[in-house]
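The structure under discussion appears below in the form of structure tokens.
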Amino acid sequence: MKQALLLILLVSLAEVTLSQPSDFIVLKKHNNRTLKTYYPGAFISAVTHNGFTINGYIKEIRHDSIIIQQQERQLKATDFGTTLDTMAYTIGLDYREIKKFQFTRQYTWGRKKGFAQVTLPALMKVGGLGFIFLELVNTAYRKESVSANNKVVPLTIAAGVAATGFAITYFQNRADKAGGKYKVVYVKNSP
């Protein structure tokens with residue numbers, strides 16, 4: 001009995017000591033403060049350079065690659081109504097292929113949330129450009145001059161609103177990219 005317990009203890013000890021530690025990825029500010037650490041079992045939400053959205057759990061990180069398991073749930077039609085179907089797939093990619101890590105609270109499952117981050121810039125762009133377009137069409141229809149009846153001031157204000165919407169979108173997207181506000185550090189633990 002003692003020999004069996006000793007054998008089990010030695011096998012489990014050998015398994016622990018010979019197992020490889022996993023690599024991990026750290027997002028750091030430029031002053032070397034850690035923003036987020038990704039390791040096996042952690043949830044990752046990101047966008048690659050070709051526009052592919054990643055939302056899943058990290059299975060493994062090794063040799064500069066991240067292996068991620070994603071799940072997709074859909075309602076499928078059956079003869080008796082609908083059922084919830086889950087599809088899970090595993091993908092692997094190089095960590096340098098990720099353009100934007102979505103790690104802050106402003107993201108919910110890979111998408112920005114809130115009126116100020118999503119809706120307001122879009123409304124400013126559409127409203128400003130729409131006003132300019134309609135005002136120019138109406139001016140051409142009435143065969144009036146653009147400078148008549150002090151039309152330059154509202155057109156300038158509308159152009160400023162549209163430009164502000166484009167600027168908000170540009171600065172939000174620029175700040176979220178790797179290399180913008182943060183750098184990606186690959187920490188190698190495996191021999």
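Atom set for the values below is all heavy atoms of this structure, side chains included, hydrogens, waters and symmetry mates excluded. Residues: numbered from 1 along the sequence shown.
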Quick one: pull up [atom1] in [X] and [atom2] in [Y] and give me the separation to the nearest 0.5 Å.
| X | Y | atom1 | atom2 | answer |
| --- | --- | --- | --- | --- |
| Ile44 | Ile98 | CD1 | CD1 | 4.5 Å |
| Gln71 | Met87 | CD | CE | 10.5 Å |
| Lys125 | Leu120 | NZ | CG | 10.5 Å |
| Ile91 | Lys59 | CD1 | NZ | 12.0 Å |
| Glu60 | Ile68 | CD | CD1 | 12.0 Å |

Of the non-hydrogen atoms in [X] and [Y], which two are nearest, and what is the gap between them?
| X | Y | answer |
| --- | --- | --- |
| Pro121 | Ile168 | CG-CG2, 3.5 Å |
| Asn150 | Pro154 | O-CD, 3.3 Å |
| Asp23 | His63 | OD2-N, 3.8 Å |

Checklist entry - Shared ILVMFWY cluster between Tyr39 and Val26, side chains joined below 4.5 angstrom? => result yes

Checklist entry - With the 4.5 Å side-chain cut-off for hydrophobic clustering, are Val184 and Ile54 part of the same group? => result yes

Quick one: side chains of residues 129-143, donor-acceptor pairs under 3.5 Å with protein atoms, not counting sequence neighbours, listed by atom name and distance.
from   : atom 1 : to     : atom 2 : distance (Å)
Asn138 : ND2    : Leu134 : O      : 3.4
Thr139 : OG1    : Glu135 : O      : 2.7
Thr139 : OG1    : Lys151 : NZ     : 3.2

Next on the checklist: With a 4.5 Å cut-off on side-chain heavy atoms, are Leu93 and Thr48 touching?
Outcome noted: yes

Checklist entry - Quick one: does Asn32's side chain get under 4.5 Å of Lys183's, heavy atoms only? => result yes

Checklist entry - Stepwise, does the side chain to side chain contact (heavy atoms under 4.5 Å, CB included) test hold for Ile58 with Ile25? => result CA-CA 11 Å; Ile58 299 174; Ile25 294 172; over 6 Å; no

Donor-acceptor pairs under 3.5 angstrom involving side-chain atoms of residues 74-81: please list them, not counting sequence neighbours.
from  : atom 1 : to    : atom 2 : distance (Å)
Gln74 : OE1    : Lys76 : NZ     : 3.2
Gln74 : NE2    : Glu72 : OE2    : 2.4
Thr78 : OG1    : Phe80 : N      : 3.4
Thr78 : OG1    : Gly81 : N      : 3.4
Thr78 : OG1    : Gly81 : O      : 3.1

Item to check | Ring-ring centroid check Tyr38 Phe101, cutoff 6.0 Å | outcome: yes

Next on the checklist: Check whether Tyr186 reaches the backbone of Asp64 with its side chain - one donor and one acceptor, N or O, closer than 3.5 Å.
Outcome noted: yes

Checklist entry - Backbone N or O of Asn55 within a donor-acceptor pair of the Gln70 side chain at under 3.5 Å? => result yes

